[in-house]
Number of protein chains: 2
Amino acid sequence: MQQLESNGVVQVSRTKKLNLKQVAEELGVSTATVSNAFNRPDQLSAKLRERILLEAAELGYHGPNLAARTLRRGESDVIGVMLLDSLTYSLSDPVANQLLQGIAEVLVERNKHMLLLSSRIEAGQQRGAESLPDGFILYGAIDQHSFDFILKTGKPVIVVDSEYKETASVNIDNQNGAFRIAEYAIHDENEKVAILGLRLINTDRVCRLTEADLAQESQEVSQARLAGYQMAAEQKNCHIPAASMWHIPINDAELAEIAAREALTVNPRPTVLLCMSDIIALAAIRVARELNIRVPEELSITGFDDIPESARSEPPITTVCQQSIEKGRMAARLLLDGKAKEHLVLETRLVVRGSCR
Amino acid sequence: MQQLESNGVVQVSRTKKLNLKQVAEELGVSTATVSNAFNRPDQLSAKLRERILLEAAELGYHGPNLAARTLRRGESDVIGVMLLDSLTYSLSDPVANQLLQGIAEVLVERNKHMLLLSSRIEAGQQRGAESLPDGFILYGAIDQHSFDFILKTGKPVIVVDSEYKETASVNIDNQNGAFRIAEYAIHDENEKVAILGLRLINTDRVCRLTEADLAQESQEVSQARLAGYQMAAEQKNCHIPAASMWHIPINDAELAEIAAREALTVNPRPTVLLCMSDIIALAAIRVARELNIRVPEELSITGFDDIPESARSEPPITTVCQQSIEKGRMAARLLLDGKAKEHLVLETRLVVRGSCR
DNA sequence: TTGAAAGCGGTACCAT
DNA sequence: ATGGTACCGCTTTCAA
């Protein structure tokens, strides 16, 4: 397909970027035909299509410009994924990460692209990336402002690990999961139970709760897990006072160690430590080892999430599998299949490993 | 700003999406002024700008449509990040993950967006997402086809953990890192050294190498690490035969366990196990425990990468910190600052922890 | 299968 | 600060 230019140089490397129209001219066909070759194979003969695709590639044209096509069609094939907090933090969190894996799997399968968005909207910094995606997946308790903003685009939205009446959602049964693991870990009324909770109150310091805190509304997920723990404890005739509950502001190993250290040095020492994430449970195991507390003989530790690392620790962690990857898949499917009103609740599964008596 | 419609209903929720032109009409200003309000604050009075932003928001207009703006300006403020293998796999890999964290950090800071791309281009499935980004960051040894494809867009490209003469790159000194850790772990000529290598040859099964394999070219990164190991071993008068090296096709815990099990059951048993990733080293520690081999007393294990989990294992892993997050930051900065020709090589750092004698 | 043409929603230049 | 306008690249309808 290379042709001699008038100056005799073989035209190997065109530097100029061609557009569809120019490609059509070069190939001696109409723009409609070139467009169809890329978008609607049924509108032309297989042979012509083949030729067009091939020669276009040789001209350095690899398909319609996404911006132009999006503008014209009103569809970008891009899905926006908005994560709670900063992108950087979310990427480091194993649970968010598994969710992204599930989403990515389905999007790739369906030929969609994934645009990562942060829910942190800087004051006055509208950057308008929200206008590109055909739909959104929001993870976690996105602040009302960002949520409204996304909603106002009028595009389909699926929420994960949170619930709003306006949109479809994918959740797990946090309360039931927490109930079952607590029921499993707490043997009888003689247990001393402590809880290492995640995002229970609104402060960014690690601290114990007070009875007053328990009356406050907190983030749904944590609230549900806490309720599940308490229900199980009551059923075993155990009471867990607020002073035996710790608040950890983010799911971070170091903060969790601080809380675990406090919780394991009170007197009398807990016999059961219910942790609201595996990251926290892993930290608790490390602290227990540091303090020469044998797990599980002297202390049962439970996690939540079932991240890969929880199966690899010593001892491995008894936890609640929340199927994060599957949640991602479901969210993506709901979105792509236009199920804009469903509220899915996935089952949790109790995963028994070595960290409990 | 709400107005009464002729039917007397307060016009709170317009359902119709407005565009910039309509907003301009509603506000009684020109399109240029609205556009300037969003893009060039210096072109109008602060007061007018304030008013426009506010009233536009009330009309449900949150800024220029990204597709249209991109089409017109030729810039999207979107950066494409292309990962080796499937997106799903890459997201699960802690090193890729840290890289993404670093990239995300800088992009958010600079008001850019991140589009995740997979290097797996399905046969004939050009979908043109490549036309959107203003530039690309490629991670790992992307296949030549995808690489050429991206290069042909003519947009700036930064490669991480790989090197091509056509583009800027960010790498670490793999050979030196490997050399130093091997030098640290191998005490004298009496050591029996085994290597659990990553992507050393071209097969997707775990297997031992043969002498013939060593003559083959393999992926640069692995090759460099292997060379570093060998250099250190020679310096201690140790020879590492090909039969003491294992190939692991991907950085996966289960595959690594298989290899570790083979390596630790040969006779005589190795005294030093050099692992080309922390995931592999962590697997080796588990296998050693299973086989009742004491680490580090009977067996020194080294890792590579310094992922967070390596500091948390028991014993924690002596490894090479490759600053993955920083690599991500540097790559993003290089790209955004238009340094299209630099080849950065970051320092590695030997991180001594408990897994070596 | 084709040619022609109307926008999709903005930006930026120009003259005013 | 404004109105007017050409144009960014593509899709799709229409008539041929």
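Just so we're on the same page: letters track the sequence lines, and every chain starts at 1.
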Q) So what does A:Thr70 touch, heavy atoms closer than 4.0 Å: a base, only the sugar-phosphate, or nothing? A) nothing
Q.
Would you compute the distance between atom OG1 of B:Thr153 and atom CG of B:Asp148 and round it to the nearest 0.5 angstrom?
A. 11.5 Å
Q: Calculate, to the nearest 0.5 Å, the distance between atoms CZ and CD belonging to A:Arg199 and A:Glu220 respectively.
A: 13.5 Å
Q: Starting at the 5' end of nucleotides 6-16 of chain D, put B wherever the base has a protein heavy atom under 4.0 Å, S where only the sugar-phosphate does, and a dash everywhere else.
A: BBBBBBB----
Q: Can you pull out how bent the helix from C:dT2-D:dA15 to C:dT16-D:dA1 is, comparing the axes over its first five and last five pairs, to 10°?
A: 40°
Does the distance from a Lys or Arg side-chain N to an Asp or Glu carboxylate O, for [X] and [Y], drop under 4.0 Å?
X        : Y        : answer
B:Glu25  : B:Lys21  : no
B:Asp42  : B:Arg49  : no
A:Glu50  : A:Lys47  : no
A:Lys327 : A:Asp161 : yes

Q. With a 4.5 Å heavy-atom cut-off, do B:Leu115 and B:Val81 have their side chains touching?
A. no
Q) Should the pair A:Tyr164 and A:Phe147 be assigned to parallel (<30°), tilted (30 to 60°) or perpendicular (>60°) ring geometry? A) parallel
Q: Give me the ring orientation class for B:Tyr61 and B:Phe38: parallel if the planes are under 30° apart, tilted from 30 to 60°, perpendicular past 60°.
A: perpendicular
Q. Between which nucleotides of DNA chain C, 5' to 3', does chain A make heavy-atom contacts below 4.0 Å?
A. C:dT1 to C:dG9
Q: Test B:Ser131 against A:Asn65 for side chain to side chain donor-acceptor pair (under 3.5 Å), laying out the working first.
A: CA-CA 5 Å; B:Ser131 63; A:Asn65 173 294; 4.7 Å; no
